[in-house]
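Note on naming: letters A, B, ... go to the chains in the order of the sequence lines (proteins, then strands), and numbering restarts at 1 for each one.
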2 protein chains.
Amino acid sequence: MKKILNDHLKQQLINTNHFNDLFSTDMSAKTQLLSVPAGGYIIENTKRPAYLFYLVRGKAKLYDAQSNGKTVLIDFFTPPCFMGEMELLDPDSDPFSMQAIEDCLLLALPINQYQNQLLSDTIFLRHICLYLAYKEARDVRTASKNQSFTLNQRLAAFILLTEHNGTYNEKHTQVAQYLGVSYRHLLYVLATFVDQGYLVKHGRHVYQIANREKLMALSSEIRNEPE
Amino acid sequence: MKKILNDHLKQQLINTNHFNDLFSTDMSAKTQLLSVPAGGYIIENTKRPAYLFYLVRGKAKLYDAQSNGKTVLIDFFTPPCFMGEMELLDPDSDPFSMQAIEDCLLLALPINQYQNQLLSDTIFLRHICLYLAYKEARDVRTASKNQSFTLNQRLAAFILLTEHNGTYNEKHTQVAQYLGVSYRHLLYVLATFVDQGYLVKHGRHVYQIANREKLMALSSEIRNEPE
DNA sequence: TGGTAAGTATGAGAAATCTCACACTTGGAG
DNA sequence: CTCCAAGTGTGAGATTTCTCATACTTACCA
C-alpha cells in the first residue's frame with residue numbers, strides 16, 4: 001500500500017467519482033490517495049484497517065479467514081465502492097482480508113481521526129445506507145439467478161471477473177468452493193475451455209485468455225436482464 | 001393490515017425487541033402496532049408503503065414485480081427485521097411486494113410524518129447501516145454455501161421456511177425459479193418426499209408436513225457452520 | 001361459451017455434476 | 001533432508017438435474 005502524492009490526480013479522481021457528494025463537508029484535504037499493486041492486500045487479515053476506502057480503480061476480492069486457518073472466497077469488488085465500512089460502523093466486527101486483483105487506486109480516510117465525524121454525518125450515513133441497500137438487493141437477485149446457469153457460463157463470467165492482463169490465476173480449490181461445484185468438475189470444465197481454445201495453459205497454475213469473445217458470449221446471459 | 005389498539009402489547013413488543021434503542025429519542029408514542037394475516041400484503045406492489053416497518057412476529061416473503069407482469073420470489077424475512085427501509089432511504093427506488101406467510105405483527109412508523117426526522121437521526125441511520133451490512137454479509141456467505149447443497153436439502157429448508165401451521169403451499173413455478181432448478185426436477189423431488197412419507201399431499205396444491213424431524217435433518221447441514 | 005394462458009403432472013433420454021480412487025507435485029515444518 | 005499437508009490432475013461410474021414432449025386442469029377474458 002503506497003501513498004500517492006499527486007494532488008492533481010487525487011483531485012481528478014475525487015471529482016469524477018463525486019467523492020465529495022458523499023459527505024456534508026469537503027473532505028478533499030483529509031483524503032489520501034493510495035495505491036495497492038495487483039496481489040497486494042488492501043485490508044489484511046486480523047488487522048483492523050486504518051482507513052475507510054473508496055475504490056476508484058482496479059478490482060479486488062474479499063476473503064474470510066476461518067477459525068481453522070482456511071480462507072474462503074466471499075465476494076468481488078469493482079469501482080466505485082466502499083471498503084472497510086463494516087469496520088467503521090462496528091469496531092467489534094470480525095476482520096477479513098481484501099486483496100487487489102489488479103492494481104487498485106483508493107481514496108482513503110483515516111478512521112481513527114474521522115470516525116466520529118463520519119458517524120455523525122447524516123449525508124454520509126445515508127449514502128452508506130443506500131450503497132448497502134442496493135448492493136444487498138443486487139446480490140440477492142443475482143444469487144437466485146446464478147443458480148440457474150451452468151458452470152460453463154458462471155466460470156466464464158468468473159474468469160473475466162478475476163482475470164488480470166489476460167491472465168487467470170486463481171486457486172482451483174477456492175474457486176470450486178466459491179462457485180459451489182466440486183473440484184473435479186471445475187477441472188473438467190476448465191479442461192474443456194482449453195480444448196476449445198478459449199484458454200491456453202501456461203505451466204501449472206496460469207491460464208491465458210485466448211478467446212475473450214467466446215468467454216464473454218458464454219457469460220453474457222448472466223449479466224443481462226432478459227425482461 | 002389492521003391496527004392493533006393494545007398499548008400494553010405494543011409496549012411489551014417495543015421493550016422485548018429493544019425498538020427504542022434504534023432511535024435517539026423515544027418513538028413509542030409515534031409507533032403503531034399493526035397486524036397482517038397470513039397471505040395478506042405488508043407492502044403492495046407499486047404502492048409506496050406508508051410506514052417503515054419493524055417485523056417482530058411472523059414470517060414474510062419479498063416479491064419482485066417484473067415489467068412483463070410476472071412476479072419473482074426474492075427473499076424471506078423473519079423477526080426482528082426492518083421492512084420498507086429502502087423506500088424510506090430512496091423515494092425513487094422501485095417498489096416491491098411483501099407478503100405475510102404467517103400472521104405478522106409489525107411496529108410501524110408513518111414515513112411521511114417522520115422521514116425527515118429519521119434521516120437526520122444518526123443513531124437510527126447507524127442501526128440501519130449495521131443491519132444492512134450484516135444482512136449483506138450473511139446473504140453473500142449463505143448464497144455461496146447454498147450452491148453446494150442438493151435440491152433435497154435446499155427444498156427441505158425451503159419448506160420449513162415457508163410452512164405455515166404444518167402446511168406447505170407455494171406455487172411450484174415460483175419456487176423452482178427461486179431455488180434455481182427446473183420445474184420438472186422440483187416436482188420430482190417433491191414426489192420423492194411424498195414417497196418417503198415426509199409430506200402428504202392434500203388435493204392439488206397443498207402439502208402437509210408429515211415428518212418434520214426428517215425435513216429438519218435434511219436441512220440441518222445448511223444452517224450449521226461446520227467449522 | 002369458447003379460447004387461451006398459467007399452473008400442475010408425468011415419462012424418458014440427455015447432460016451436468018458428484019463421489020471416490022488414485023497419483024503426482026510443491027512448499028514448508030521439524 | 002524428510003515428511004506431511006495442500007494443491008493439482010485424471011478416470012470411471014453414480015447421482016442429480018435438465019430438456020423436451022405431452023396432457024390435463026383452472027381461471028379468466030372476449
Chemist: By the 4.0 Å heavy-atom rule, please label A/Gly203 as base, sugar-phosphate, or nothing.
Modeler: nothing

Chemist: For the pair made of NZ in A/Lys171 and C1' in C/dT25, what is the distance, rounded to whole Å?
Modeler: 14 Å

Chemist: Mind checking what makes salt bridge (Lys or Arg N to Asp or Glu O under 4.0 Å) contact with A/Glu87, not counting sequence neighbours?
Modeler: none

Chemist: Tell me whether the OP1 or OP2 atom of C/dT17 has a side-chain N or O from A/Thr150 closer than 4.0 Å.
Modeler: yes

Chemist: Is it the case that the side chains of B/Ser97 and B/Glu44 hold a donor-acceptor pair, with the cut-off being a distance below 3.5 Å and no angle test?
Modeler: no

Chemist: Quick one: salt bridge (charged side-chain N to carboxylate O under 4.0 Å, His left out) pairs with a partner in residues 94-107 of chain B, sequence neighbours left out?
Modeler: B/Lys59-B/Glu102

Chemist: What residues, two or more places apart in sequence or in another chain, satisfy side chain to side chain contact (heavy atoms under 4.5 Å, CB included) together with A/His202?
Modeler: A/Val200, A/Val206, A/Gln208

Chemist: Taking the inter-plane angle between the rings of A/His185 and A/Tyr188 on a 0 to 90° scale, is it parallel (under 30°), tilted (30 to 60°) or perpendicular (over 60°)?
Modeler: parallel

Chemist: Could you pull out all residues at least two apart from A/Lys2 that satisfy salt bridge (Lys or Arg N to Asp or Glu O under 4.0 Å)?
Modeler: none

Chemist: What's the angle between the local helix axes at either end of the helix from C/dT1-D/dA30 to C/dG30-D/dC1, using five pairs per end and rounding to 10 degrees?
Modeler: 40°

Chemist: If I take atom NE2 in residue B/His185 and atom C1' in nucleotide D/dC20, what distance separates them, rounded to the nearest angstrom?
Modeler: 17 Å

Chemist: To the nearest angstrom, how far is A/Tyr188 atom OH from C/dT17 atom C1'?
Modeler: 10 Å

Chemist: Expressed as a whole number of angstroms, how long is the span from B/Arg154:CZ to C/dT17:C1'?
Modeler: 13 Å

Chemist: Test: salt bridge (charged side-chain N to carboxylate O under 4.0 Å, His left out). Region: residues 190-211 of chain B. Which pairs qualify, not counting sequence neighbours?
Modeler: none

Chemist: Can you tell me which residue pairs pass the ring pair (Phe, Tyr, Trp, His ring centres under 6.0 Å) test with a partner in residues 91-113 of chain B, sequence neighbours excluded?
Modeler: none

Chemist: Using the six-membered ring wherever Trp is involved, compare the ring planes of A/Phe158 and A/Tyr178 and label them parallel, tilted or perpendicular (cut-offs 30° and 60°).
Modeler: tilted

Chemist: Name all residues meeting the salt bridge (Lys or Arg N to Asp or Glu O under 4.0 Å) criterion together with A/Glu85; count only those two or more places apart in sequence or in a different chain, and write none if there are none.
Modeler: none

Chemist: In whole angstrom, give the distance that lies between atom CG of A/Leu186 and atom P of D/dT10.
Modeler: 13 Å

Chemist: Quick test: give all pairs of protein nitrogen or oxygen and nucleotides 10-14 of chain C nitrogen or oxygen below 3.5 Å, distance rounded to 0.1 Å.
Modeler:
residue	atom	partner	partner atom	Å
C/dG11	N7	B/Arg184	NE	3.1
C/dG11	N7	B/Arg184	NH2	2.9
C/dG11	O6	B/Arg184	NE	2.8

Chemist: How would you label the contact of A/Thr173 with the nucleic acid (heavy atoms, under 4.0 Å): base, sugar-phosphate, or nothing?
Modeler: sugar-phosphate

Chemist: Could you write out each protein N or O paired with an N or O of nucleotides 22-24 of chain C at a distance under 3.5 Å?
Modeler:
none

Chemist: According to a strict under-4.0 Å criterion, is B/His205 in side-chain N/O contact with OP1 or OP2 of C/dG7?
Modeler: no

Chemist: Run the salt bridge (Lys or Arg N to Asp or Glu O under 4.0 Å) test against A/Arg141 and tell me which residues pass, sequence neighbours left out.
Modeler: B/Asp64

Chemist: Expressed in angstrom and rounded to an integer, what is the separation of B/Phe149 atom CZ from D/dT15 atom C1'?
Modeler: 17 Å

Chemist: Whole-Å distance between D/dC18 C1' and A/Leu151 CG?
Modeler: 15 Å

Chemist: In whole angstrom, give the distance that lies between atom CG of A/Leu190 and atom P of D/dG9.
Modeler: 8 Å

Chemist: What residue pairs, at least two apart or across chains, pass salt bridge (charged side-chain N to carboxylate O under 4.0 Å, His left out) with a residue in residues 165-175 of chain A?
Modeler: A/Lys61-A/Glu170

